[in-house]
Amino acid sequence: MSKRIRRLPQIFTAAAIMAAVYAIPAFAAAGWNQENGQWIYLDKNGNRVTESWKKNAAGDHWYYLGSDGYMLVSQRIDDGENSYYVNSSGAMVKNEWRKVEDDSDNEAYTDGTCWYYFGSNGKAVKNTSGKTKLTTINGKRYTFDEEGRMLYGWVSADGTMVTEESDWETGTYYFGGEDDGAAVINQWLLLDVDDPEGDDDANGSYWFYFAPNGKKYEDTTKKINGKNYQFDQRGVAQFKWYSSSPSAASSSNTKYYNDPDQCWRADGWFYTVPTEDLDPQAYADDESYWFYADKSGNLATSQIKTINKYKYGFNEKGEMLEGLYILTFDGNNKIDTYEKIEDISDLPGEEDDRKVYYFGNEPKDGVMATKKSVKIELDDTYEFGFRTNGEAINGISDNVIYIQGRKMKADSDMKYREITFGGETYLVNTSGAIQKKKTNIKDGDGTYYCTDAKGIITYQGDEKK
C-alpha cells in the first residue's frame with residue numbers, strides 16, 4: 001500500500017515529545033497540569049476537564065481529556081458522530097493514515113486492525129451514503145464504511161466489502177489488498193476467483209477492466225486500446241467462444257475472443273475447437289478447425305470467400321473446408337449442402353448437377369484449387385482439373401476428358417484406355433490426351449484401336465483392321 005503514513009513512525013521522537021510537554025504550563029493553576037505522571041487540564045475553578053478537546057499553550061495542537069480527566073494517547077477517539085486519532089504525545093493527527101485496532105470483529109481484517117484516514121480537520125473520513133463513494137487521497141482513490149474503516153478487495157455498489165471468496169461476482173469495485181486499498185481505475189486487473197464451473201484454461205484467474213469511475217465493466221462490449229472485448233454479467237472478460245444468445249447459440253451470434261491471456265475479439269484467422277452448440281462431434285473429439293472472422297467478429301459461414309486474393313470455403317458452422325467436396329448453392333450463392341469425398345467412388349457422375357470443389361494445401365491450407373492439374377489423395381492419388389472459378393471441369397478441355405474434375409487417362413502398363421463420355425466412347429493415352437485419327441494402335445493387352453477425327457473409337461479388336 002503506497003501510503004506515506006506507513007513510512008512515518010507510530011510514536012514521536014523524544015525531542016518531539018519534550019517539545020510538546022514544554023509547551024504545556026507546568027503549574028497547578030487553570031490550564032495544563034501534571035498528575036501522577038499524566039497530563040490533566042483544570043478549568044478556572046480548578047476542576048478537571050473531561051471528555052473534551054483542549055489546545056496546547058502554543059495553540060497548534062488539540063489534545064483530548066478522557067472521562068477520568070487524563071489526556072489520552074495513541075488511540076482512536078469517538079466524539080459524537082466523528083472519530084479522531086491522537087498520537088503518542090496526545091496530539092490530534094491530521095492528513096494522516098493510521099492503522100488502529102478494529103472493534104467490528106470482521107474477519108476480513110486478518111490481524112485485528114484496519115486503516116483510517118484522518119483529514120485536515122482531524123476527522124476520520126466516513127461514508128454514510130449507503131453506496132460506495134470514492135475519496136481522493138494523495139492522488140489515489142479510496143472508500144470507507146460508515147465507521148471510517150478503509151475497505152479493500154471487492155466492494156459492492158452499496159458500499160459493502162465482499163468478504164466471502166465465492167461472492168466475488170457481487171463486487172463492483174476493486175480496492176487492492178488489505179494494506180493497499182487504492183481503487184483500480186481505468187485499467188486491467190487479473191484476479192484469482194473462486195469459480196468451480198470455470199474453464200480449466202483460465203487456471204482460476206480472470207481479467208477485469210475497471211472504468212474511470214472505478215466500476216468493473218459488466219454485460220457489455222468495449223473497445224480498449226484499439227481492441228474489442230466482451231464482458232459478461234459478472235464482469236469477466238470473455239475468452240474463447242462467446243454467444244450473445246446462449247439459449248440459441250449459432251454461428252451468427254457467436255464470436256471468438258482468443259485465449260484467457262488475451263481475451264480480445266478475434267478478427268481474421270484463428271484455429272480452435274468449436275463450441276458444443278456449433279459442432280457437437282468436433283467438440284466431443286476435441287477437433288480443431290480454422291475459422292475466419294471479419295472486423296466485427298462475425299464468422300464467415302456457408303460461402304466461398306476471397307481472403308487476401310485466395311478463395312476459401314466455409315460451412316454453416318464457420319469451419320473452413322479442407323479436401324474434395326460436392327457443393328450445392330442456394331439462390332443467394334450461399335453454400336446450401338456440402339459432402340466430403342473420401343473415396344473416388346464417391347465422385348458424382350458426369351450428368352450430376354452438383355459441383356465439385358477442392359480446398360487443398362497449396363499455396364496455403366484450405367485454398368480453393370483453380371488449376372487444371374492438381375494431384376489429390378483419396379483411396380489412391382488422382383489428377384484433377386479445375387476451372388478458374390474453382391468448379392471441377394466436367395467435359396472435354398484441351399483435348400482431355402474430365403469427369404467431375406477427374407482427369408481420365410490410361411495406366412502406364414495399358415498405354416490406352418476407353419472412356420465413355422457424352423454417349424460416345426473415346427480413346428485416351430497415359431497423359432489423358434484423346435487419340436484422334438489413329439489406325440491400329442495397340443494397348444498393353446494387345447487390343448488394336450482405330451479412332452476418328454474426334455478420337456471416338458471406330459474399331460477395336462484382337463487383329464489389325
Side-chain angles (χ1 to χ4, degrees), residues 304 311 313 321-329 337-363 365-465:
I304 293 175
K311 293 182 181 295
L321 302 179
E322 291 188 85
L324 193 64
Y325 281 86
I326 303 170
L327 303 182
T328 63
F329 298 85
T337 65
Y338 57 97
E339 178 183 341
K340 191 169 185 178
I341 298 173
E342 303 283 1
D343 189 278
I344 196 65
S345 62
D346 297 331
L347 194 69
E350 63 175 278
E351 296 182 356
D352 197 312
D353 291 336
R354 297 175 297 169
K355 306 295 183 182
V356 174
Y357 294 81
Y358 181 62
F359 304 95
N361 53 15
E362 291 292 339
D365 288 347
V367 172
M368 186 176 72
T370 57
K371 300 188 299 183
K372 288 188 175 181
S373 180
V374 180
K375 291 185 178 180
I376 298 177
E377 188 76 27
L378 297 172
D379 55 304
D380 200 350
T381 301
Y382 299 90
E383 188 173 357
F384 277 72
F386 299 90
R387 303 188 186 282
T388 55
N389 65 358
E391 291 181 9
I393 302 171
N394 189 36
I396 296 175
S397 178
D398 294 336
N399 201 44
V400 174
I401 299 172
Y402 297 89
I403 297 181
Q404 297 293 3
R406 181 185 177 186
K407 188 176 185 179
M408 309 307 296
K409 55 185 180 178
D411 293 335
S412 58
D413 57 343
M414 289 299 296
K415 299 182 182 179
Y416 301 103
R417 179 183 178 184
E418 302 171 31
I419 300 297
T420 299
F421 181 79
E424 302 288 352
T425 303
Y426 297 83
L427 189 68
V428 300
N429 64 11
T430 55
S431 66
I434 298 173
Q435 302 301 291
K436 300 177 179 179
K437 297 182 179 180
K438 300 296 182 179
T439 302
N440 294 325
I441 56 175
K442 185 171 65 173
D443 67 11
D445 283 341
T447 300
Y448 291 94
Y449 294 93
C450 296
T451 62
D452 63 14
K454 294 182 179 179
I456 298 171
I457 297 172
T458 58
Y459 169 81
Q460 72 179 97
D462 295 334
E463 297 180 359
K464 292 181 178 180
K465 181 177 180 180

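Both backbone and side-chain heavy atoms feed into the values below; hydrogens, waters and symmetry mates do not. All residue numbers refer to positions in the sequence shown, counting from 1.
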Worked check of side-chain contact (heavy atoms from CB on, under 4.5 Å) between Asp445 and Met414: CA-CA 7 Å; Asp445 283 341; Met414 289 299 296; 3.2 Å; yes
Distance from Lys372 atom NZ to Lys407 atom NZ, nearest 0.5 Å? 10.0 Å
When you compare the side chains of Thr337 and Thr328, does any donor N or O come within less than 3.5 Å of an acceptor on the partner? yes
To the nearest 0.5 Å, atom OG1 of Thr381 lies from atom CD of Glu383 at 11.0 Å
Gln435 pairs by side chain to side chain contact (heavy atoms under 4.5 Å, CB included) with which of Ile456, Asn399, Leu427? Leu427
Judged by atom type as modelled, is there a donor-acceptor pair below 3.5 Å linking the side chain of Gln404 to the main-chain atoms of Asp352? yes
Can a donor-acceptor pair be found, under 3.5 Å and without considering hydrogens, that links the side chain of Asn389 to the backbone of Glu391? yes
Go through it in stages, so that I can follow the logic: the residues are Leu327 and Leu321, the test is side-chain contact (heavy atoms from CB on, under 4.5 Å), and I'd like the CA-CA distance, side-chain angles, deciding distance and then a yes or no. CA-CA 11 Å; Leu327 303 182; Leu321 302 179; 4.3 Å; yes
State the CD1-NZ distance between Ile393 and Lys371, to the nearest 0.5 angstrom. 12.5 Å
Matching residue for Tyr426 among Ile396, Thr451, Ile457 - test: side chain to side chain contact (heavy atoms under 4.5 Å, CB included): Ile396
Please report the C-alpha distance between Tyr449 and Ile441 in whole Å, then the side-chain angles of each, then the deciding distance to 0.1 Å, and finally whether the side-chain contact (heavy atoms from CB on, under 4.5 Å) criterion is met. CA-CA 5 Å; Tyr449 294 93; Ile441 56 175; 4.1 Å; yes
Measure the CZ-CD1 distance between Phe359 and Ile304 for me, rounded to the nearest 0.5 Å. 4.5 Å
Please verify the inter-ring angle class for Tyr325 with Tyr338; under 30° counts as parallel, over 60° as perpendicular, anything in between as tilted. tilted
Where is the tightest heavy-atom contact between Val428 and Met408, given as atom of each residue plus distance? CG2-O, 3.8 Å
For Glu377, is the CD atom crowded, meaning more than 12 foreign heavy atoms sit under 6.0 Å from it? yes
Can you tell me if Ser345 and Asp343 form a side-chain donor-acceptor pair at under 3.5 Å? yes
From Met368 atom CE to Tyr357 atom OH, the distance as rounded to the nearest 0.5 Å: 7.0 Å
Please test Ile341 against Tyr358 for side-chain contact (heavy atoms from CB on, under 4.5 Å), starting from the C-alpha separation and ending with a verdict. CA-CA 10 Å; Ile341 298 173; Tyr358 181 62; over 6 Å; no
Would Glu339 and Arg354 pass as an ion pair if we require N to O under 4.0 Å? yes
Inspect the surroundings of CG in Asp379 and state if more than 12 heavy atoms from other residues, nucleotides or ligands are less than 6.0 Å away. yes
OH (Tyr448) and OH (Tyr416) are apart, to the nearest 0.5 Å, by 12.0 Å
List the atom of Leu347, the atom of Ile403, and the distance in Å for their closest heavy-atom pair. CD2-O, 3.6 Å
How close do Lys436 and Ala453 get, heavy atom to heavy atom, and via which atoms? CD-O, 3.2 Å
Where is the tightest heavy-atom contact between Ile434 and Lys454, given as atom of each residue plus distance? CG2-O, 3.5 Å
Side-chain donor or acceptor of Glu350 paired with backbone N/O of Asn394 under 3.5 Å: no
Any side-chain to backbone donor/acceptor pair from Thr458 onto Cys450? Under 3.5 Å, distance only. yes
Using 30° and 60° as the class boundaries, would you call the ring planes of Tyr382 and Phe384 parallel, tilted or perpendicular? perpendicular
